[in-house]
2 protein chains.
Amino acid sequence: MTATTVHEPTHREALWELEDAFERGDLITIFGRCTVEYDGRAASSLGLGRRLLLLKPDGTALVHTDEKQKPVNWQPPGSEHHAAVRDGRLRVRSVRTSPDETLDVHFETVEQLSAMAVSGRRDLSVTGSEADLRNALLDRPAVIESGFEPLATERPTDAGPIDLFGRDTDGRPVVVELKRRRVGPSAASQLQRYVAAIEREDGDDAAVRGILVAPSVTDRARRLLAEHGLEFVAVEPPSSTGDAGGSTTLDTELSQTDAVDDSAHDPAGDATGDDDGEPARTLSADEESH
Amino acid sequence: MTATTVHEPTHREALWELEDAFERGDLITIFGRCTVEYDGRAASSLGLGRRLLLLKPDGTALVHTDEKQKPVNWQPPGSEHHAAVRDGRLRVRSVRTSPDETLDVHFETVEQLSAMAVSGRRDLSVTGSEADLRNALLDRPAVIESGFEPLATERPTDAGPIDLFGRDTDGRPVVVELKRRRVGPSAASQLQRYVAAIEREDGDDAAVRGILVAPSVTDRARRLLAEHGLEFVAVEPPSSTGDAGGSTTLDTELSQTDAVDDSAHDPAGDATGDDDGEPARTLSADEESH
DNA sequence: CGTGCCAGGTGCCTT
DNA sequence: AAGGCACTTGGCACG
């Protein structure tokens, strides 16, 4: 049996089971009436109630109620779990250092205690990240702008690494900041910092352009972009469902190593057209008043 | 009994128990060998392995392994849980809309299924937040600067709400941005946006000062502050280390004013605020509400 | 280990 | 509902 459970144990029985489970490196769940106190980076206290305590062999401790996704209290991995019986009651204490933090769970009653041997693949691959978006744009740089030439990704600057750096058809340096979701003012500020850093470092007389690539942008961010002469290109992240008007959709089905050249495969009906103002994809922030 | 558990049920038995537990609004844990697939804002797939599935009556679904604090897969509150037996195996599906997201857990074997009736106080009071820091500073504005006069908190601007707004002894407007942790460049940008907003809105000829209040600042952020003529004041956030008692003591340490640029308005000495000659006072940011 | 930044961030609150 | 932001953010990658 890979899962052992005791129902309504005495506090001392629970303690024995707990220590055995710690020994085996099991994943442990304890359900019962308890109080919770946390003290460390902040401090909190939680009155008596039925909750689920989840203890992981890596030192994680999670206190869950019947609501919300986040635990009401927790302790990060690397903490040390200790169990003891004080005043006839089970106390589970999870401690870590730097910063010093302590989580105490005092059980009034233990209704159930389970110990499970957990194993299995933990390799989870998530697609749809910003890195995926970047790769898609490297495959099709024209999505950003016709003739845009990528030169570097994660180019380091004084202000931090630039998502995508390149040149436009006029040879002007272009800083591209990628966001996979609708962006607020902070992203505009971030782009502005990068542009300023490149202007300082390269010291070129050629003005540095800054382009924010995201599905959409909030009003404040749009104004902030305009203030700094930055641009915005609407691009839906890869593998996203639905299509918002005026934005380009990237499909990353090119994961096959064979580079199927589908450059002619342009789904949008709008002309790939002349380089005079084509507002469908690239819009200058100071002209698009909405 | 408030917790019912079945060990190694058949998939069909597990389904019955599950549906009963859904009906009762129980907190449910399922432990077994399973695969997990998620598709929505992103997409992921997880191969066969022993994991713990936690289903909450509010629609939350969490898949936990033996490591890490965050679940390896999840579904936020408001989702709908569905259970079914397909090909003789239990499948738990959690779905939500806007955005459309689906989480599928296919069980090869169900080793344990528990249903628990959870109730209890959920009122958690956390001290040490940014709001606490702000209250402490309202009590002792001299910590920011001798003679600083707070005028408003959360003052709205075009760039968003300002944490703390006031005037210095010369009557110049001061924008204060509070952070409870060591800050990076984004906080400096945020402060800069607020200062610019106030300068636009008030249109005063009096230059607007910006002060970042935080425990410490990274190098890049420091340089960024200097660039924009912004200032930094080191203040430790209220912490409750050393006392596990009921009332949280917030001892706000007084640190030296650290004017970043040389055009410092108030260099050296008197900003240490020793003019009020008080021993470090304990500031209660939170009335004993329970 | 600190620094910086993305995240399927989550949660809270205001407009 | 959308926007803006704090968070015991968590987690990762890099110097």
Side-chain angles (χ1 to χ4, degrees), chain A residues 38-44 60-61 67-77 79 96 98-103 124 126-134 154 156-163 177-187 190 193-194 216-221 237 239-240, chain B residues 38-44 60 67-78 96 98-103 124 126-134 154 156-163 177-187 190 193-194 216-222 237 239-240:
Chain A
Y38 157 76
D39 191 23
R41 287 171 288 179
S44 74
T60 303
E67 283 187 338
K68 296 298 160 59
Q69 174 174 347
K70 288 185 68 170
V72 64
N73 274 121
W74 68 91
Q75 198 68 283
S79 309
R96 77 154 172 166
S98 89
D100 284 348
E101 286 183 306
T102 304
L103 179 71
L124 176 72
V126 179
T127 62
S129 65
E130 184 182 282
D132 288 317
L133 174 58
R134 185 185 59 214
E154 304 296 326
T157 71
D158 269 357
I162 293 179
D163 283 344
E177 173 68 21
L178 306 177
K179 293 293 173 191
R180 59 181 309 287
R181 299 211 320 182
R182 180 176 177 84
V183 299
S186 65
Q190 193 178 2
R193 292 203 305 271
Y194 293 156
S216 63
V217 64
T218 68
D219 239 28
R220 274 183 186 164
S239 81
S240 88
Chain B
Y38 156 76
D39 191 25
R41 287 171 288 179
S44 74
T60 303
E67 280 186 334
K68 299 297 163 58
Q69 174 173 347
K70 289 185 67 170
V72 64
N73 273 121
W74 68 91
Q75 200 67 284
R96 77 154 171 166
S98 84
D100 283 348
E101 286 184 305
T102 303
L103 179 71
L124 176 73
V126 179
T127 62
S129 64
E130 184 181 283
D132 287 318
L133 175 58
R134 185 185 60 213
E154 305 294 330
T157 71
D158 270 357
I162 293 178
D163 284 344
E177 173 68 22
L178 305 177
K179 293 294 173 190
R180 62 182 306 286
R181 299 208 317 182
R182 179 176 176 86
V183 299
S186 64
Q190 193 179 0
R193 291 203 305 273
Y194 293 157
S216 64
V217 63
T218 67
D219 240 28
R220 277 182 184 161
R222 179 178 291 274
S239 98
S240 54

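Just so we're on the same page: letters track the sequence lines, and every chain starts at 1. Only this structure's heavy atoms are used, side chains among them; waters, hydrogens and symmetry mates stay out.
Listed by chain and number, the residues in a side chain to side chain donor-acceptor pair (under 3.5 Å) with A/Glu130 amount to none (sequence neighbours excluded). Remark: B/Asp158 engages A/Arg223, B/Arg200, B/Glu201 in a side-chain contact (heavy atoms from CB on, under 4.5 Å) (not counting sequence neighbours). For B/Ser129, the side chain to side chain donor-acceptor pair (under 3.5 Å) test picks out B/Asp132, with sequence neighbours left out. Listed by chain and number, the residues in a side chain to side chain donor-acceptor pair (under 3.5 Å) with B/Glu101 are B/Tyr38, B/Arg41, B/Arg96 (sequence neighbours excluded). B/Pro161 is linked by a side-chain contact (heavy atoms from CB on, under 4.5 Å) to B/Glu154, counting only residues two or more places apart in sequence or in another chain. For B/Gln75, the side chain to side chain donor-acceptor pair (under 3.5 Å) criterion is met by no residue, not counting sequence neighbours. Legend: residues meeting salt bridge (charged side-chain N to carboxylate O under 4.0 Å, His left out) with A/Arg220, ordered by chain and number and at least two apart, are absent.
One atom, CG of A/Leu178, and another, C1' of C/dC6, lie 12 Å apart when rounded to the nearest Å. Distance, A/Leu133 CG to C/dA7 C1': 14 Å, rounded to whole Å. The interatomic distance linking A/Ile162 (CD1) with C/dC5 (C1') rounds to 14 Å, in whole Å. Atom P of nucleotide D/dC5 and atom CD of B/Glu130 are separated by 11 Å, given to the nearest angstrom. Computed from coordinates, the A/Asp163 CG to C/dA7 C1' distance equals 14 Å when rounded to whole Å. Look at CD on A/Glu177: it is 10 Å from C1' on C/dC6, rounded to the nearest Å.
Between B/Asn73 and A/Arg193, the one whose closest nucleotide on DNA chain C sits nearer the 5' end is A/Arg193. Taking the nucleotide of DNA chain D with the nearest heavy atom to each of B/Gln190 and B/Arg180, the more 5' of the two is matched to B/Gln190.
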Between protein and nucleic acid, restricted to nucleotides 2-4 of chain C and to nitrogen or oxygen atoms under 3.5 Å apart, what atom pairs and distances do you find?
from  : atom 1 : to       : atom 2 : distance (Å)
C/dT3 : OP1    : B/Arg182 : NH2    : 2.6
C/dT3 : OP2    : B/Arg182 : NE     : 2.6
C/dT3 : OP2    : B/Arg182 : NH2    : 3.3
C/dG4 : OP1    : B/Thr218 : OG1    : 3.2
C/dG4 : OP2    : B/Thr218 : OG1    : 2.9

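C/dG4 and C/dG8 have their P atoms separated by 22 Å, with the value rounded to a whole Å. C/dG11 and D/dG11: their P atoms are spaced 15 Å apart (whole Å).
A/Glu154 comes within 4.0 angstrom of no nucleic acid atom, judged by non-hydrogen atoms across all strands. Using a 4.0 Å heavy-atom criterion, one finds that A/Ser129 contacts the sugar-phosphate atoms exclusively.
Heavy atoms only, all atoms of each residue included: B/Tyr194 and B/Thr157 are closest at CD2-OG1, 4.3 Å.
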Notebook entry, point to check: What is the per-nucleotide protein-contact pattern of nucleotides 10-15 of chain D, from the 5' end, where B denotes a base atom under 4.0 Å from a protein heavy atom, S denotes such proximity for sugar-phosphate atoms only, and - denotes neither?
Noted result: SSS---
